[in-house]
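Structure record follows, encoded as structure tokens.
Quick caveat, the model's predicted, so the values are computed rather than measured. Residue numbering restarts at 1 for every chain, and letters A, B, ... go by the order of the sequence lines. Atoms considered below: every heavy atom in the structure, side chains included; atoms not considered: hydrogens, waters and symmetry mates.
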There are 4 protein chains.
Amino acid sequence: MRESEARPRGRPRSVEARTAILRATREILNEGGITAVTMEGIAARAGVGKPTIYRAWPNAHAVAMAAMMETKTKAPKVSHSRSAIADLKRQLRGVADVFASRMGRQVTSMIAAASAESELSKVFRNHFILARREEGRAILLRAIETKEVRRGIDVDLVLDMIYGPLFYRLLMAHAPLDGKFTDSVVEHAVKGLRAG
Amino acid sequence: MRESEARPRGRPRSVEARTAILRATREILNEGGITAVTMEGIAARAGVGKPTIYRAWPNAHAVAMAAMMETKTKAPKVSHSRSAIADLKRQLRGVADVFASRMGRQVTSMIAAASAESELSKVFRNHFILARREEGRAILLRAIETKEVRRGIDVDLVLDMIYGPLFYRLLMAHAPLDGKFTDSVVEHAVKGLRAG
Amino acid sequence: MRESEARPRGRPRSVEARTAILRATREILNEGGITAVTMEGIAARAGVGKPTIYRAWPNAHAVAMAAMMETKTKAPKVSHSRSAIADLKRQLRGVADVFASRMGRQVTSMIAAASAESELSKVFRNHFILARREEGRAILLRAIETKEVRRGIDVDLVLDMIYGPLFYRLLMAHAPLDGKFTDSVVEHAVKGLRAG
Amino acid sequence: MRESEARPRGRPRSVEARTAILRATREILNEGGITAVTMEGIAARAGVGKPTIYRAWPNAHAVAMAAMMETKTKAPKVSHSRSAIADLKRQLRGVADVFASRMGRQVTSMIAAASAESELSKVFRNHFILARREEGRAILLRAIETKEVRRGIDVDLVLDMIYGPLFYRLLMAHAPLDGKFTDSVVEHAVKGLRAG
DNA sequence: ATCTAAGCGAGACGGTACGTCACGTCTTGGG
DNA sequence: CCCAAGACGTGACGTACCGTCTCGCTTAGAT
């Protein structure tokens with residue numbers, strides 16, 4: 001018995017309640033966005049007592065994060081063509097599409113509003129943002145192998161230079177966030193700025 | 001045009017009230033952050049009636065933005081050395097320093113939370129973020145003139161590639177936001193990723 | 001202008017709200033008794049916000065007391081016959097009738113539950129209990145004048161000996177609280193216990 | 001029946017649970033009064049499950065009553081002097097002392113709040129109040145035998161006239177509840193109010 | 001020199017949501 | 001079969017702010 005993990009005493013948490021809470025939260029998110037998510041509203045719609053929610057999450061923000069993370073995210077489908085650079089462009093287009101949607105803005109503003117140190121908000125960032133970045137890392141490493149990209153780059157930094165502009169435009173909205181833009185990001189990153 | 005501009009009847013808005021409101025808001029921001037800013041709190045601290053605040057701003061968020069924009073921002077002091085690239089690095093370091101501070105996170109999360117279409121939030125973004133970006137544009141154009149950077153780049157896009165990673169790290173906090181990082185961003189941008 | 005009494009600043013309390021609150025409380029008291037009186041219930045029925053109630057009373061108990069005190073109490077009609085002692089008996093019967101009713105038990109248990117030192121609960125006691133006792137005092141003083149009762153008695157104490165047994169039976173319910181009982185109280189008080 | 005005393009297998013934990021519950025309730029009563037007595041609090045302090053309490057009592061009020069009745073009440077020590085009247089005064093002083101204490105007010109308000117028809121609340125009243133009254137009855141009957149008090153009085157009624165004022169003052173708090181008062185009650189009862 | 005409209009502080013209003021407490025019931029695993 | 005533990009749905013608590021609405025009082029341009 002290795003994995004028994006010190007099962008807690010007493011009545012276990014109700015799976016039905018948890019499911020209902022997250023479903024209700026998801027519905028509210030879809031209908032009114034993050035500002036419409038309230039503990040009262042969730043409890044009422046889920047047919048659940050408020051204390052039941054508080055037992056599992058500290059505030060409505062956290063419930064919303066948990067709810068979002070249980071939504072089915074359509075598999076982003078990373079392609080594997082001859083050119084790793086082309087794959088990178090495709091992946092970046094996919095990410096931009098997702099984050100330009102309403103849901104994307106919601107996720108972004110939730111991250112911005114979160115306390116940043118909480119465990120849940122880290123998981124949330126990993127789930128939505130950094131997971132995409134890790135896909136990019138795989139592609140980038142492949143690009144090094146295929147010699148499309150030189151050895152010796154700082155991979156983490158390059159990833160930030162690829163995904164960063166995307167979120168920058170999303171937040172600042174000073175220019176459109178489209179495929180032309182993301183393609184150009186990759187091209188400029190590869191080509192560099194040097195004269196000659 | 002006599003410039004009289006149809007001066008309205010009645011008692012004019014009180015300048016003292018406006019000043020007191022913004023000062024109080026600033027104090028609250030410093031003490032408890034954006035979540036501590038409430039209309040009640042501002043009114044109480046400023047010694048002002050709530051309707052007086054509502055006459056000028058639609059909600060507490062807007063007052064906070066206005067208050068932040070009236071804070072003295074120490075002039076970022078763009079340098080003019082021989083190398084425009086070096087100037088760019090210096091400027092980027094300065095921007096990173098400011099935004100890594102508590103105030104920087106506040107600004108960022110306020111932008112993320114704002115409705116994005118409101119006039120005030122555009123002004124706010126311009127004031128804090130895009131103004132820095134425009135400084136960068138000037139430096140970048142000079143770098144083209146000095147031939148440190150090739151003609152033909154998409155300047156707007158390059159600016160996004162330089163400032164974007166900064167905000168990306170700020171929001172995601174997956175890695176430190178220091179001078180080494182910003183320097184490397186510029187270097188990688190210049191050098192590109194190409195093998196050979 | 002002597003009586004101006006330093007009118008408070010700001011918007012004055014709404015008389016309509018106060019009226020609605022007390023009416024609602026009265027209705028709830030009639031329907032479910034004191035245990036049914038809750039702040040939420042009052043607010044909902046009165047069409048009033050909870051804070052409006054809390055602005056005027058510290059808890060539901062106090063609202064119930066205030067509501068009870070604004071009910072029309074049918075004038076107890078103290079009689080003035082030849083015999084003050086007979087008048088006293090009649091008055092005591094009236095008091096017993098009132099307090100044997102549901103409302104009487106409610107009043108009594110509210111007094112018992114009250115904090116005893118609060119200003120409101122003193123007023124409440126005066127209004128419902130001690131006012132009756134003061135009627136008794138008047139009759140008793142008249143009985144002294146008419147020489148039905150000897151000079152030299154401790155009037156306050158005698159009043160307690162007349163009204164006390166009534167509440168004792170009400171609370172302890174060890175024996176019925178009827179006119180025969182109250183008449184006998186007066187008779188025994190007058191006659192005394194001495195042998196001979 | 002060897003009753004070896006080591007029977008940890010079975011269930012007769014029940015007695016210990018009962019004891020722990022009542023002890024915990026007593027402690028809570030002492031610390032915070034009747035309003036601090038809650039099922040949750042009792043269960044937590046007694047180290048007992050809530051259902052275990054509900055199996056034996058219907059609500060916290062009832063547990064509190066049961067707990068109070070198991071407190072050791074210092075024997076009131078009825079004296080037997082020459083004068084039964086003097087004995088009555090002494091006994092009444094003792095009763096007043098007890099009920100003027102914090103515990104006395106608690107008992108009184110619990111009786112006032114109780115539903116009056118429940119079996120437990122009858123037992124409670126008997127235990128605390130009417131038992132004292134029965135002591136008084138014995139003394140009073142002796143007083144009749146010794147001819148300090150005339151034959152023909154309504155004993156029950158006279159007892160109410162002696163103990164009633166005590167609880168009346170306790171509840172209404174319109175005047176002090178001291179030995180001088182209780183002595184006077186007896187004296188006035190004996191002497192009567194008649195002129196001449 | 002009035003009149004009068006608008007702004008002023010204060011603060012109460014009807015609401016909504018908060019986060020907590022206790023209720024009385026139920027569902028676990030274990031003795 | 002009962003025990004402790006503790007989660008459940010319920011409902012009320014008392015508080016914080018919301019954005020709006022009177023109040024009586026300035027203030028200052030228009031009459």
dist Met110(D):CE -> Phe128(D):CZ (nearest 0.5 Å) comes out at 8.5 Å

Nearest heavy-atom neighbours spanning Ala114(A) and Met65(A): CB-CE, 3.4 Å

Closest-nucleotide mapping onto DNA chain F: is Ala17(A) or Gly49(D) further toward the 5' terminus? I mean the 5' end. Gly49(D)

Would you mind reading off the distance between Glu16(A) atom CD and dA7(F) atom C1', rounded to a whole angstrom? 12 Å

Glu31(B) and salt bridge (Lys or Arg N to Asp or Glu O under 4.0 Å): which single residue from Arg102(B), Arg45(B), Arg26(B) fits? Arg45(B)

Mind checking Gly41(A) for me? I need base, sugar-phosphate or nothing, with any heavy atom below 4.0 Å counting as a touch. nothing

Give the rounded distance in Å between these two atoms: CD of Glu40(D) and P of dG24(E). 10 Å

Any Arg13(A) side-chain nitrogen or oxygen under 4.0 Å from OP1 or OP2 of dG6(F): no

Can you check the Ile53(D) CD1 to dG6(F) P distance for me, whole Å? 15 Å

On DNA chain E, does the nearest nucleotide to Thr52(C) precede the nearest nucleotide to Ala36(A) from the 5' side, or the other way round? Give the residue. Thr52(C)

If I take atom CD1 from residue Ile34(B) and atom CZ from residue Arg105(B), how far apart are they, to the nearest 0.5 angstrom? 13.0 Å

Mapping Arg11(C) and Val37(A) to their closest nucleotides on DNA chain E, which lands nearer the 5' end? Arg11(C)

Distance in angstrom units between Asn59(D) CG and dC23(E) P, rounded: 9 Å

Candidate nucleotides dA5(F), dC18(F), dC23(E), ranked by approach to the side chain of Thr38(B) - the nearest: dC18(F)

hbond_proxy Lys50(B) side chain to dG19(F) base (donor-acceptor, 3.5 Å cutoff): yes

Main-chain N/O of Val48(C) paired to Thr52(C) side chain as donor or acceptor, under 3.5 Å: no

Spacing of Trp57(B) atom CH2 relative to dG19(F) atom P, expressed in whole Å: 15 Å

Whole-Å distance, Arg18(A) CZ to dG9(F) P, equals 14 Å

Pick the nucleotide of DNA chain F nearest each of Val15(A) and Met39(C); which residue has the one closer to the 5' end? Val15(A)

Rounded to whole Å, CZ of Arg9(C) lies from P of dC25(F) at a distance of 10 Å

Picking from dC18(F), dC17(F), dA4(F), the nucleotide nearest the side-chain atoms of Pro51(C) would be dC17(F)

Can you measure Ile42(D) atom CD1 to dC23(E) atom C1' for me and round it to whole angstrom units? 13 Å

With a cut-off of less than 4.0 Å, is there a side-chain N or O of Arg55(A) near OP1 or OP2 of dC8(F)? yes

